[in-house]
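The structure appears right after this line, and notes come after that.
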Amino acid sequence: MAKRDYYDVLGIAKGADADAIKKAYRQKAKELHPDRNADNPKAEAQFKEANEAYEVLKDPNKKAAYDRYGHAAFENGMGGGGGPRPGGGGQGDFASAFSDVFDDLFGDFMGGRGGGRRSGAQRGSDLRYNLRINLEDAYAGLQKTINVTTAVACGACHGSGAEGGSEPQTCPTCNGMGKVRAQQGFFTVERTCPTCNGMGQIVKNPCKVCHGAGRVEKEKSLSVNIPAGVETGTRIRLSGEGEAGVRGGPPGDLYIFIEVNSHALFEREGVNLFCRVPVSIAKAALGGEIEVPTIDGGRSRVKVPEGSQSGRQMRLRGKGMPALRGGGSGDMLIELAVETPVKLTARQREILKEFDKLSEDNNPQGSSFFDSVKSFWDSMKS
């Protein structure tokens, strides 16, 4: 039975370019694949025929020979190239053709032919450093020196990993790709090269200092600027201060995570500060002024209104934490805590009893309350 014209098999015009050939074959492969045509006994033969046509037309040399001599170009050794002869329909021929289409569809995802050879250089890893600071430092900001142990470029081989100024060589197993391919039926499976571990290069004469790694462990000191207004969870990035890259690759980054210690006087909520301040019964009842500490180390005078009760809050505007990215400062909220005196002197007791008596005379209905207060003071005596 005479063979059909390869261009007719793929449904394209003679002289079609490589993109048109590949597109036509892809459509035929989907249309005629045996798995999709279980009820069509002719599909497998047509599928092999399309594969045979593509095997020839995808190769510029074979295509030129076919355009000139037709099918006769591949009979009796014509066509050269030492490649598989069209018409065999073997699994190797199909896998080779299907692999090209597979590369076209999934090459980027698999890191295929479009990726090119690897130079062996890889970016260094990022590092994390946890830094604890006081609330006062978070308020004012500070310059802090930290010591970090990290991988730095080997000074003996300048990061190449090779001894005596020699250079790494292209891996012979993967030809510098960093990956190797294996044919499994209709599919091409790609794996990391076992010889170079995906680097694409090997070091035949490794450096005696770093043993071919191109990096050594070293502790280095870094000066870090902590801006005012940071809080727990704030992340500061130091570009290029992470681990050195592999074989000349760019370094990673260092990320500093801030943790602000709790404070004995102040509680923080965002940019606002809370402070609980004790006041005497007399000050709360009569009113007056008190001094309260502030986060900047100073003191501010606050007016206590007459008749203030425990829990009353007052606001000092602008005395809170600064906003990290500008925008002013928060407020300081003061909560009064009225203190009950203890260890009274005889004179103090006398005054309080007199106050109690006057309160009963002025407010007979509230005598039960003052009776309760009196009982409390009596219990303090025993």
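All residue numbers refer to positions in the sequence shown, counting from 1.
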May I have the step-by-step check of side chain to side chain contact (heavy atoms under 4.5 Å, CB included) for Gln27 and Leu10, ending in yes or no? CA-CA 9 Å; Gln27 292 175 343; Leu10 296 181; over 6 Å; no
Ile202 versus Pro172, closest heavy-atom pair with distance: CD1-CD, 3.7 Å
Under the side chain to side chain contact (heavy atoms under 4.5 Å, CB included) rule, what do Arg312 and Val338 come out as? Steps first, then yes or no, please. CA-CA 10 Å; Arg312 179 164 188 167; Val338 180; over 6 Å; no
How far apart are the closest heavy atoms of Cys174 and Cys196, and which atoms are they? SG-SG, 3.7 Å
With a 6.0 Å cut-off (strictly less than), is the heavy-atom count around CD of Gln313, excluding the residue itself, greater than 12? yes
Pair up each side-chain donor or acceptor in residues 139-156 with any protein partner under 3.5 Å, not counting sequence neighbours, and list the distances.
unit_1 : atom_1 : unit_2 : atom_2 : d
Gln143 : NE2    : Ser223 : OG     : 3.0
Asn147 : OD1    : Ser221 : OG     : 2.6

Taking all non-hydrogen atoms of both residues into account, name the closest pair between Ile226 and Leu131 and its distance. CD1-CD2, 3.8 Å
Verify same cluster id: Val180, Met199 (apolar side-chain graph, 4.5 Å): no
Met314 CE to Leu336 CG distance, which is reported to the nearest 0.5 Å: 3.5 Å
Is the shortest side-chain N to carboxylate O distance from Lys23 to Asp17 below 4.0 Å? no
Identify, with sequence neighbours excluded, every residue that meets salt bridge (Lys or Arg N to Asp or Glu O under 4.0 Å) alongside Arg215. Glu243
Any luck finding a side-chain donor-acceptor pair between Arg128 and Asn130 under 3.5 Å? yes
So do Cys275 and Met332 actually touch side chain to side chain, heavy atoms under 4.5 Å? yes
Determine, for Glu44 against Lys48, whether the closest basic-nitrogen to carboxylate-oxygen distance falls under 4.0 angstrom. yes
If you count heavy atoms of other groups shown closer than 6.0 angstrom to CD of Glu267, is the number above 12? no
Here the gap from Asn51 atom CG to Tyr25 atom OH, rounded to the nearest 0.5 Å, amounts to 4.5 Å
Counting only heavy atoms from other residues, nucleotides and ligands, does the tally under 6.0 Å from CD of Glu339 exceed 12? yes
Within the supplied structure, the quantity of interest is the number of heavy atoms (other residues, nucleotides, ligands) at a distance under 6.0 Å from Glu354 CD; does it exceed 12? no
Check whether Phe355 and Leu286 end up in the same hydrophobic cluster, where Ile, Leu, Val, Met, Phe, Trp and Tyr are linked by side-chain heavy atoms less than 4.5 Å apart. no
Please state whether the rings of Tyr66 and His71 are parallel, tilted or perpendicular, taking 30° and 60° as the class boundaries. perpendicular
Rounded to the nearest 0.5 angstrom, the CD-CD distance for Gln201 and Gln169 is 9.5 Å
Check this for me: does any side-chain nitrogen of one of Glu241 and Lys220 sit under 4.0 Å from a carboxylate oxygen of the other? yes
Is any side-chain heavy atom of Tyr54 less than 4.5 Å from a side-chain heavy atom of Val9? no
Name each donor-acceptor pair under 3.5 Å that joins a side chain in residues 287-297 to protein atoms two or more places apart or in another chain, with its distance.
unit_1 : atom_1 : unit_2 : atom_2 : d
Glu289 : OE1    : Arg301 : NE     : 2.9
Glu289 : OE1    : Arg301 : NH2    : 3.1
Glu291 : OE1    : Arg299 : NE     : 3.2
Glu291 : OE2    : Arg301 : NH1    : 3.4
Thr294 : OG1    : Asp296 : OD1    : 2.5
Thr294 : OG1    : Gly298 : N      : 3.4
Thr294 : OG1    : Gly298 : O      : 3.0
Asp296 : OD1    : Gly298 : N      : 3.0

Of Lys58, Arg4, Lys3, Lys28, the residue whose pairing with Glu52 passes salt bridge (charged side-chain N to carboxylate O under 4.0 Å, His left out): Lys3
Residues Val230 and Pro227: closest non-hydrogen pair is CG1-O, 3.2 Å
Quick check against the 3.5 Å criterion: does Asn37 have a side-chain atom that pairs as donor or acceptor with the backbone of Asn40? no
With sequence neighbours left out, the residues meeting side-chain contact (heavy atoms from CB on, under 4.5 Å) with His158 are none
Any donor-acceptor N/O pair, Thr232 side chain to Val260 backbone, under 3.5 Å: yes
Can you find a heavy atom in the side chain of Glu269 that is under 4.5 Å from one in the side chain of Phe274? yes
Give the minimum heavy-atom separation between Glu306 and Ala285, together with the two atoms involved. CG-O, 3.1 Å
On a heavy-atom basis, the closest approach of Asn175 and Thr170 is C-CG2, 3.6 Å
Arg347: side-chain contact (heavy atoms from CB on, under 4.5 Å) partners, not counting sequence neighbours: Thr345, Glu350, Ile351
Would Ile258 end up clustered with Leu222 when hydrophobic side chains under 4.5 Å apart are linked, directly or stepwise? yes
Would you indicate whether the side-chain heavy atoms of Ser300 and Lys319 approach each other to under 4.5 Å? yes
Measuring from Thr234:OG1 to Glu231:CD, what's the distance to the nearest 0.5 Å? 5.0 Å
Go through the steps for Lys22 and Asp19 under the test side chain to side chain contact (heavy atoms under 4.5 Å, CB included), then give the verdict. CA-CA 5 Å; Lys22 181 178 287 188; Asp19 289 338; 5.8 Å; no
Look up atom CG in Asn272 and atom CZ in Arg317, then write down how far apart they are to the nearest 0.5 Å. 10.0 Å
Can you hop from Leu254 to Ile133 via hydrophobic side chains spaced under 4.5 Å? yes
Atom pairs and distances, donor-acceptor, side-chain atoms in residues 203-214, under 3.5 Å, two or more places apart:
none

So, taking the atom named OG in Ser125 and the one named CG in Asp253, what distance separates them when rounded to the nearest 0.5 Å? 11.0 Å
Is a side-chain N or O of Asn134 found less than 3.5 angstrom from the main chain of Glu136, in a donor-acceptor match? no
Distance-only donor-acceptor check, side chains Tyr6 and Asp67, under 3.5 Å: no
Flag yes if Ile236 and Tyr255 sit in one hydrophobic cluster, no otherwise; membership is Ile, Leu, Val, Met, Phe, Trp, Tyr, and two members link when side-chain heavy atoms are under 4.5 Å apart. no
Determine whether His263 and Arg268 satisfy the following criterion, side chain to side chain contact (heavy atoms under 4.5 Å, CB included), listing intermediate values before the conclusion. CA-CA 9 Å; His263 197 276; Arg268 180 178 183 177; over 6 Å; no
